[in-house]
Novice: 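Before we start, here is the structure in question, set down as structure tokens.
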Amino acid sequence: MKAIRRFTVRAVLPDSLSALERLAGNLRWSWHEPTRQLFSHISPELWDETGHDPVSLLGEVSPARLEELAGDEGFVDWTNRLLTDLGDYLEQPRWYQTLGDEAPASIAYFSPEFGIAAALPQYSGGLGILAGDHLKSASDLGLPLVGVGLFYRSGYFAQAISADGWQIESYPVLDPDGLPLSVLRNPDGSAVQVTLALPDDRQLHARVWQARVGRIRLLLLDADIPENEESLRSVTDRLYGGGGEHRLLQELLLGVGGARAVKLYTELHGLPDTEVFHTNEGHAGFLGLERISDLIGDGLSFDEALQVVRAGTVFTTHTPVPAGIDRFERPLVERYFSTELLPGVAVDDVLALGAENYPGGSPDAFNMAVMGLRLGQHANGVSRLHGEVSRQMFSGLWPGFDAADVPIDSVTNGVHAPTWTDPHLIALAQEKLGTADTSNADWASDAVTDGELWAVRGVMRQQLVDDARRRVREAWIAQNPGGIAPAWVDDLLDPTVLTIGFARRVPTYKRLTLMLHDPERLRSILTNEQRPVQIVVAGKSHPADEEGKRLIQKLVQFASEPEIRRRMVFLPDYDIAMARVLYPGTDVWLNNPLRPLEACGTSGMKAALNGALNLSILDGWWNEFYDGENGWAIPTADSAGDAAERDKLEADALYELIENQIAPRFYEREHDDVPARWMQSIRHTLSTLSPQLNSDRMVREYVERLYVPAAGYERRLSADHYGSARELAAWKSRVTAAWPRVTVAHVESGGVDSVPQVGDHLRLRAHIALGGLTPADVAVEVVYGRSTVGDQLKDVATRELEPTQTDFGDASTVEYMGTVELDRAGAFGYTVRVVPKNALLISPAEMGLIAVAG
Ligand SMILES: *Cc1c(COP(=O)(O)O)cnc(C)c1O
């Protein structure tokens, strides 16, 4: 029988155990090992069965066991100690509290997905896990940050694999009452509701769930409530489920509804107004429009409000893959904004923000990333290389500027060490190095011997092997109900064999099946007698991506050959719970995307925190962190004739590395069976990479490089009843109107001989037509550097030229002068450009206006 309705009845805990409920209600348990041990102690079996979910555990544990624990003084003390510890964690000042007043008083962080714990499946992959790690580090560092997302009734999807290797999706419905969530309520006890006006006089309502993630509150909007008409209750059914209108509704709820929810939340709790809004990828971009509407209500014009909103908005772009960017059909957006949704905001102004009015753009598209960049003065990619690629990719929005001038910075992602470091490694650090902080422990010290570290690596590998066997057994039984799993399942993988891990979502660019390029060669690597290799693979394909599913099938079929299956296994339903065992259990983490399409990649970071070595294409984070000792770089065959040749060259290089470098080093054993050379790499990885890969480093960078400046700009514009915002908007409009008449009329140079030498000073004199602007409105700059093919400048520097007169009268041009020192030999080139200048612009390119000589 199937139930038509399901709900969760929460356990009533004995009074002496009330602390358990408080501990379960704060997701800090998901990364706080001592709290996890406490829950596990209640019932180790249930702890495993519930997938390490304290709320479910408390719902299922027998009243008799609870009574027993309630009478166990040691246990009661233990829970109370942990609750005190949680209280301290929530109250005591942390890093952020050492910052001055220039740090924002409140930050809102928007993301379409949040991956915090397996027990709260509201994520599909890297973007969500990153958001979860961002919240966790924000908590550890004491940021006044609120997370905002949607509550999806079925999360992403659960993956099973059919007997012939095909991905099967299912959508188990979550019951929020069985999750660590509570409803946001008004003082009178009623549920807070957010309402959005829709076309045809319809309305979309949502309630707001809140999760506690340490010190951070996460608000999740949920449309599945009786107040909504039937069709609208499914707006938040699934993550990335529908296309077109369904997706637009989700993003309106996330952006507009989310901004309203934050406002209600801060008012209810008497918290300071949000100063900085951070959007993790473009999906939440409509939040900027809601804020503009709010400011218009305060008497600002659209353009004035836009200045304020831009100043306080940080936009992080996450993908260089065009298919990864959200776009809507323009008429659809037009219909949704020709309503009462955003009072005071004209639909044409909305459409202009998402218009692809640059070469190669589509006149019919509304682009969320483009809107993100127009609504956010502060933008960044997620690794250095991705920053570069993004500046190139979006350079059409800043015509006339070199890609290097495009105002998109980068902050390299990080991962939350306490979540992603195996407890065995933490225990080793605690015991031998005197700290549980593995990412700042002295792993080079001989206080830990190679043998001890190797033994822990072995325990983690064994743990993965056990977990893989369990998963395969359970999957087999699900496929063959009532059957008994075959004997080979107990023989899968080998806890002593070199283990390569490979798990990811399955978009084409990640090349799930690159390793299968030459199946015979892979077969010989896996089944090598002296130096066997085993591979553990996992990953979900988007339900609509048939090609991705074919790739999974190809792998599953290869791995199920009797000769191979001991050495290669595909584990269904990749999620956080699997990941936490998989990364520590692998010796080598493989990543072979098509460079440069992996924006950052974080799975390899999580593996590295556990002492795994990376084997990866030089893309994303690996491009900036590979140092020759912490793993291996698969050379990129950029210059290959076509994609097939490139795959072949890169796959060959991959096999080569495994056969000739990785396997020999792993199996090079001394008398004590410890691979000494390999241990050096592990220690090097742990001591040099871990501190860098930690999301604490990432969140600090966001604070220092983006949040603090954003708050500064926003405050300046908002002061004196938005006086500066009004001035800035008026100034921009005046400069934009005059710009077509701004030209570099004439440039002459002197000061160097016919044979210029290093150390000479090049003197420049330029005559600039200002078209009605004044010298205070513009910067006139010499741009110089190495001159390359086609007179393109490389390694460019700029220097401002100064006007020579103070009284300009109505001369048609103004003279500017300056000098440049020739500081190196070789081909030299320069040009002169004029750009707008204002202390409230963060980059000369910000307005996309430029006039260049010639
Ligand atoms: C870390 C993680 C990802 C993202 O890994 P990438 O290397 O960025 O592809 C996806 N899924 C899970 C479960 C993860 O833990």
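All values derive from a computational prediction rather than experimental measurement. In this chain, residues are counted from 1 in sequence order. Both ligands and their constituent atoms are indexed starting at 1 by order of listing. Values reported hereafter were calculated over all heavy atoms of this structure, with side chains retained and with hydrogens, waters and symmetry mates removed.
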Novice: Tell me the protein heavy atom at minimum distance from atom 8 (O) of ligand 1, and give that distance in Å.
Specialist: Thr602 N, 3.0 Å

Novice: Under a plain distance cut-off of 3.5 Å, with no hydrogens placed, do Ser383 and His386 share a side-chain donor-acceptor pair?
Specialist: no

Novice: For atom 14 (C) of ligand 1, which protein heavy atom lies nearest, and how many Å away is it?
Specialist: Lys606 NZ, 2.9 Å

Novice: Students should be able to answer this: which protein heavy-atom is nearest to atom 7 (O) of ligand 1, and at what distance?
Specialist: Ser603 OG, 2.5 Å

Novice: Hey, are Arg36 and His52 close enough side-chain-wise for a donor-acceptor pair under 3.5 Å?
Specialist: yes

Novice: Below 4.0 Å, non-hydrogen atoms only: which portion of Phe502 touches ligand 1? Side chain, backbone, both or neither.
Specialist: neither

Novice: Is the closest side-chain donor-acceptor distance between Arg595 and Asn623 under 3.5 Å?
Specialist: yes

Novice: Can a donor-acceptor pair be found between the side chains of Gln159 and Gln167 at a distance below 3.5 Å?
Specialist: yes

Novice: Would you mind reporting whether Tyr240 and Tyr156 have side-chain heavy atoms less than 4.5 Å apart?
Specialist: yes

Novice: Side chains of Asn610 and Trp420: do they bring a donor and an acceptor to under 3.5 Å?
Specialist: no

Novice: Which protein heavy atom lies closest to atom 11 (N) of ligand 1, and at what distance to 0.1 Å?
Specialist: Tyr574 CE2, 3.3 Å

Novice: Only heavy atoms count here, so choose which of Lys510, Arg504, His318, Arg505 is nearest to atom 9 (O) of ligand 1.
Specialist: Lys510

Novice: Quick check on contacts: which atoms of ligand 1 are under 4.0 angstrom from a heavy atom of Asp575?
Specialist: 13 (C)

Novice: At a 4.0 Å threshold, what atoms of ligand 1 neighbour a non-hydrogen atom of Gly601?
Specialist: 7 (O), 8 (O)

Novice: Number the atoms of ligand 1 from 1 as they appear, then name those within less than 4.0 Å of a heavy atom of Ala579, with their elements.
Specialist: 15 (O)

Novice: Identify the closest protein heavy atom to atom 4 (C) of ligand 1: which residue and atom is it, and at what distance?
Specialist: Gly126 CA, 3.4 Å

Novice: Pick one of side chain, backbone, both or neither for how Trp420 approaches ligand 1, counting any non-hydrogen atom pair under 4.0 Å.
Specialist: side chain

Novice: Using the ring of each side chain (for Trp, its six-membered ring), is Trp632 parallel, tilted or perpendicular to Trp678, with breaks at 30° and 60°?
Specialist: tilted

Novice: Can a side-chain donor-acceptor contact be found between His517 and Asp652 if the only test is distance below 3.5 angstrom?
Specialist: no

